[in-house]
Protein chains: 2
Amino acid sequence: MVTLADVAQHAGVSASTVSYVLSGKRTISAVTKQRVERSIKELGYHPNAGARALASSRSNIIALMMPLRTDMYVPVMMEIAIAVATNAREHGFDVLMLTGEEGPAAVRRVVGSGLADAVILMDVELNDARLPLLRESGRPAVLIGLPAQTTGFTCVDLDFSEAGSLCAEHLAELGHREIAVIGEAPAVYERKTGFAERTIQGLRTRARQLGLRVLHRPCEGTYAAMAGALGQIFTERPGITGFVVQNEQAVEPLLSLLRQDRRAVPEDISVVAVCPEQVALQGSVRLTSVAIPAREMARHAVDHLIAKIERDADDEVFLLRPELVVRASSGPAPVGG
Amino acid sequence: MVTLADVAQHAGVSASTVSYVLSGKRTISAVTKQRVERSIKELGYHPNAGARALASSRSNIIALMMPLRTDMYVPVMMEIAIAVATNAREHGFDVLMLTGEEGPAAVRRVVGSGLADAVILMDVELNDARLPLLRESGRPAVLIGLPAQTTGFTCVDLDFSEAGSLCAEHLAELGHREIAVIGEAPAVYERKTGFAERTIQGLRTRARQLGLRVLHRPCEGTYAAMAGALGQIFTERPGITGFVVQNEQAVEPLLSLLRQDRRAVPEDISVVAVCPEQVALQGSVRLTSVAIPAREMARHAVDHLIAKIERDADDEVFLLRPELVVRASSGPAPVGG
DNA sequence: TTGAAAGCGCTAACAC
DNA sequence: GTGTTAGCGCTTTCAA
């Protein structure tokens with residue numbers, strides 16, 4: 001194994017000089033710098049990560065804690081994870097992947113051992129058990145999601161309330177007067193991550209202002225559940241002409257069942273989704289939707305985390321502005337009835 | 001920060017004793033052991049990861065290199081990644097997530113710096129650029145996928161050839177005589193990961209033995225592409241009564257278009273998929289399918305990698321036996337025509 | 001602009 | 001069954 005000492009000897013300088021060439025923490029004459037860099041290349045030197053971490057008390061590793069449930073929001077999570085890793089590399093950091101499996105203790109472990117310099121938490125719940133541990137660890141942390149109590153943390157999330165509001169507005173503008181919201185599965189609401197609640201609340205508030213009538217139904221993403229929900233909805237409110245869906249899995253079942261029901265989209269029924277771009281684009285109908293901006297969230301999370309690590313930046317709450325993109329699934333409310 | 005020396009002092013023993021209590025590498029009397037463990041608890045001691053890595057030349061970290069393309073096989077990849085992480089933890093290892101972004105050099109970096117003790121490569125291509133680098137690094141590695149040249153590596157993959165064979169068998173047994181295979185998008189074949197080719201080859205071989213006529217069409221996973229392909233297929237071979245699909249995205253479009261076409265599944269047309277269990281279960285029809293056993297692959301990969309790290313185990317090629325599960329999308333070939 | 005040297009916290013001989 | 005101690009390879013004062 002090639003060590004820094006080997007490089008120093010080969011270049012005819014001291015170890016510290018090599019170290020400083022690498023870190024750039026002090027000015028080095030052009031000649032020595034070149035000599036050192038040449039030696040590094042020739043010897044194929046790679047600084048030892050462990051030694052570095054020990055001497056500098058910095059691992060240059062960020063821990064990313066994945067959600068426990070691997071069955072939900074998979075594409076978004078994956079996109080965030082990859083974007084976090086890519087982004088972190090641009091700042092010279094690597095990413096350690098933690099699963100929910102190990103529980104909140106995982107946070108203590110990686111942070112207590114100095115394995116990770118900082119933590120990103122995905123899929124944060126309103127009263128997340130990991131937060132107290134993180135807080136007492138004193139390590140920089142960024143949450144993706146919005147817990148009940150944000151003090152001590154930087155949070156990044158989509159402004160779901162505004163997203164709901166945009167959906168209401170869009171349908172109201174198209175002349176719809178009565179709409180239904182197909183929500184996440186009941187389990188999601190029970191988990192209290194808050195985003196589903198914020199969406200419906202934002203939607204309801206705006207709907208009230210616009211005189212839009214709203215029926216909200218949480219729903220499993222299966223054909224059977226969707227069929228049941230749809231039947232009930234049209235029975236209760238036959239005048240409904242618009243749907244807002246916030247449930248990846250439910251999108252195709254909904255479209256498929258409407259088709260079967262001989263209700264044309266968007267002529268008879270308008271559909272607006274809150275979902276990853278991918279889902280909105282690849283289905284049987286290109287959906288008018290509010291996207292969940294995974295990469296942007298990851299970028300904010302990493303950038304701010306690095307700022308906290310390196311410049312002790314302050315905590316902030318970033319609520320990203322949602323955008324509604326009009327596609328083929330929404331149109332004017334049918335006239336008459 | 002609490003160090004091992006602090007613990008030693010607090011427990012009234014030497015540093016090495018504490019170290020040995022932790023590692024279990026030598027026998028310690030019950031009393032000292034308990035005293036040490038008590039001190040560890042009381043002081044809230046966490047061994048420093050960097051120091052450990054430096055002293056032992058072992059980081060207890062496995063690097064997991066994700067596929068470059070984040071748009072394909074997302075659920076399987078995510079499932080594998082999480083299973084790898086969970087499994088690794090059971091052996092006391094953490095997982096570092098590398099994206100394709102950084103290119104093959106990422107391998108050299110994490111391995112050269114001693115950041116990772118070993119590597120798992122996902123989505124391996126037939127002539128993968130990362131393999132030579134890995135080979136010369138001499139670090140233990142496991143590939144998920146099957147490259148052209150496996151020497152020096154342990155490989156884990158589904159036996160796709162056998163999977164194709166099973167599909168042919170199943171349809172033949174049901175009396176089908178003419179089938180179509182909807183394959184992955186052309187881009188997948190161009191990337192030369194080999195699995196798509198192995199599937200069709202295994203299927204073809206068995207089909208020939210069984211007197212089954214096969215038409216193979218790679219296909220994008222969009223409604224438009226699927227509609228085009230389907231039209232062509234039925235024009236060319238009006239006698240087709242069975243479909244094998246190996247393309248997650250194409251499953252729903254296919255089912256939907258068949259329905260629109262008034263071809264009932266499974267009465268008129270049988271459909272067999274090679275896809276993740278999740279996809280087979282959550283669509284509009286519960287699909288007869290051969291599952292891609294993500295967790296099992298991850299388990300094999302991790303277990304064998306650990307065996308290589310700790311016991312210098314030999315390289316092996318694990319081709320997991322596929323299983324075809326009969327569900328609601330396949331049935332006897334229609335009589336007459 | 002550079003060098004010397006003292007650790008960082010742990011492991012693993014080597015001693016007894 | 002336990003203690004002593006020499007590193008592991010790097011960063012960073014301190015000194016010149």
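Here is how names work: the chains are called A, B, and so on, in the same order as the sequence lines, proteins then strands, and each is numbered from 1.
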So where does chain A start and stop touching DNA chain D, 5' to 3', when the test is distance under 4.0 Å to a non-hydrogen atom? D:dG9 to D:dC14
Heavy-atom neighbours of B:Arg321 CZ exceed 12 at 6.0 Å: no
B:Ser16 near the nucleic acid: base, sugar-phosphate alone, or nothing, with a heavy-atom cut-off under 4.0 Å? base
What pairs of residues pass the side chain to side chain donor-acceptor pair (under 3.5 Å) test when at least one of them lies in residues 302-315 of chain B, not counting sequence neighbours? B:His91-B:Asp303, B:Thr154-B:His304, B:His304-B:Glu316, B:Lys308-B:Asp315
Identify, with sequence neighbours excluded, every residue that meets ring pair (Phe, Tyr, Trp, His ring centres under 6.0 Å) alongside B:His10. none
Any salt bridge between A:Glu125 and A:Arg130, counting N to O under 4.0 Å? no
Contact residues, residues 18-36 of chain B to DNA chain C [heavy atom, < 4.0 Å]: B:Ser19, B:Tyr20, B:Lys25, B:Arg26
With sequence neighbours left out, the residues meeting side chain to side chain donor-acceptor pair (under 3.5 Å) with A:Asp117 are A:Ser59
Quick one: on DNA chain D, does A:His46 or B:Ser14 contact a more 5' nucleotide (nearest heavy atom)? B:Ser14
Is it the case that the side chain of B:Thr32 and the backbone of B:Ile28 share a donor-acceptor pair, with hydrogens and angles ignored and the cut-off at 3.5 Å? no
Ion pair check, A:Glu42 and A:Arg38, cut-off under 4.0 Å: yes
Donor-acceptor check, side chain of B:Arg89 to backbone of A:Ala106, threshold 3.5 angstrom: yes or no? no
Which residue lies toward the 5' end of DNA chain D, B:Ala51 or B:Val13, if each is placed at its nearest nucleotide? B:Val13
For the residue pair A:Ser19 / A:Ser16, report whether a side-chain donor-acceptor contact shorter than 3.5 Å exists. no
Stepwise side chain to side chain contact (heavy atoms under 4.5 Å, CB included) check, B:Val13 with B:Val18: CA-CA 7 Å; B:Val13 299; B:Val18 178; 3.8 Å; yes
Chain B reaches DNA chain C, atoms under 4.0 Å from its heavy atoms, from C:dG9 to C:dC14
